[in-house]
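First the structure, in the form of structure tokens, and then the observations on it.
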Amino acid sequence: MSGEAKKSKLGLYLLGIIALIILFTVPFIISPGAEFGGADDGAGEVIVEMSPGYEPWFNSFWEPPGETESMLFALQAAIGAIIIGYVIGYLRGSSAQ
């Protein structure tokens, strides 16, 4: 790889890192007192607000304890990260050939 290509790639990495920093800090700057929560809780609050007498027609047959729920979310994120990493590695490996 030539020196100019390395500089171009480094510039793209730096631009990506700066974009990520902006992406994660702007919400805290725009609304510093905002509450951050899950979409499920937010949707439930909106439904109760729109229709106070609403009763769900279906309940989950199993609700895991909080720690187990967190573990399942972390496991889901880890599996997603593995899949994304595999795809990126596969694409990078196939483009190198």
Side-chain angles (χ1 to χ4, degrees):
M1 187 180 294
S2 70
E4 191 166 318
K6 284 183 180 179
K7 284 182 182 179
S8 175
K9 207 170 197 176
L10 179 65
L12 282 175
Y13 288 143
L14 288 175
L15 188 64
I17 290 171
I18 290 170
L20 284 174
I21 290 171
I22 290 171
L23 183 69
F24 286 109
T25 55
V26 165
F28 292 107
I29 294 169
I30 290 175
S31 56
E35 293 181 23
F36 294 97
D40 293 342
D41 293 336
E45 290 174 7
V46 170
I47 289 171
V48 169
E49 195 175 292
M50 291 175 67
S51 178
Y54 173 78
E55 290 186 26
W57 56 273
F58 179 80
N59 289 322
S60 301
F61 62 90
W62 177 63
E63 288 191 28
E67 294 173 354
T68 305
E69 191 176 53
S70 297
M71 181 203 60
L72 291 173
F73 276 119
L75 181 64
Q76 179 184 9
I79 290 171
I82 289 169
I83 291 171
I84 290 171
Y86 175 79
V87 169
I88 290 173
Y90 177 79
L91 292 175
R92 184 173 179 158
S94 61
S95 70
Q97 292 177 353

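Here the structure is a predicted model, which is why all the values come from computation and not from measurement.
Cluster annotation: I18 is connected to V26 through the hydrophobic network of ILVMFWY side chains, with a link wherever side-chain heavy atoms come within less than 4.5 Å. Side-chain heavy atoms closer than 4.5 Å link hydrophobic residues (I, L, V, M, F, W, Y) into clusters, and following such links, possibly through other members, connects I47 to F58.
The CG atom of L12 sits 11.0 Å away from the CD1 atom of I17 when rounded to the nearest 0.5 Å. Summarising the geometry, atom OG1 belonging to T25 is positioned 10.5 Å from atom CG belonging to L20; distances are rounded to the nearest 0.5 Å. Atom CD1 in I29 sits 9.5 Å away from atom CD1 in I22 (nearest 0.5 Å).
Remark: the backbone N or O of G66 is paired with a side-chain donor or acceptor of S70 at under 3.5 angstrom. When atom types are taken as modelled, the side chain of T68 and the backbone of P64 share no donor-acceptor pair closer than 3.5 angstrom. Between the S51 side chain and the V48 main chain, no donor and acceptor come within less than 3.5 Å of each other. Without hydrogens or angle criteria, S8 side chain to E4 main chain gives no donor-acceptor distance under 3.5 Å.
Around OH of Y54, the count of heavy atoms belonging to other residues, nucleotides or ligands within 6.0 Å exceeds 12.
With a 4.5 Å cut-off on side-chain heavy atoms, P56 and N59 count as touching.
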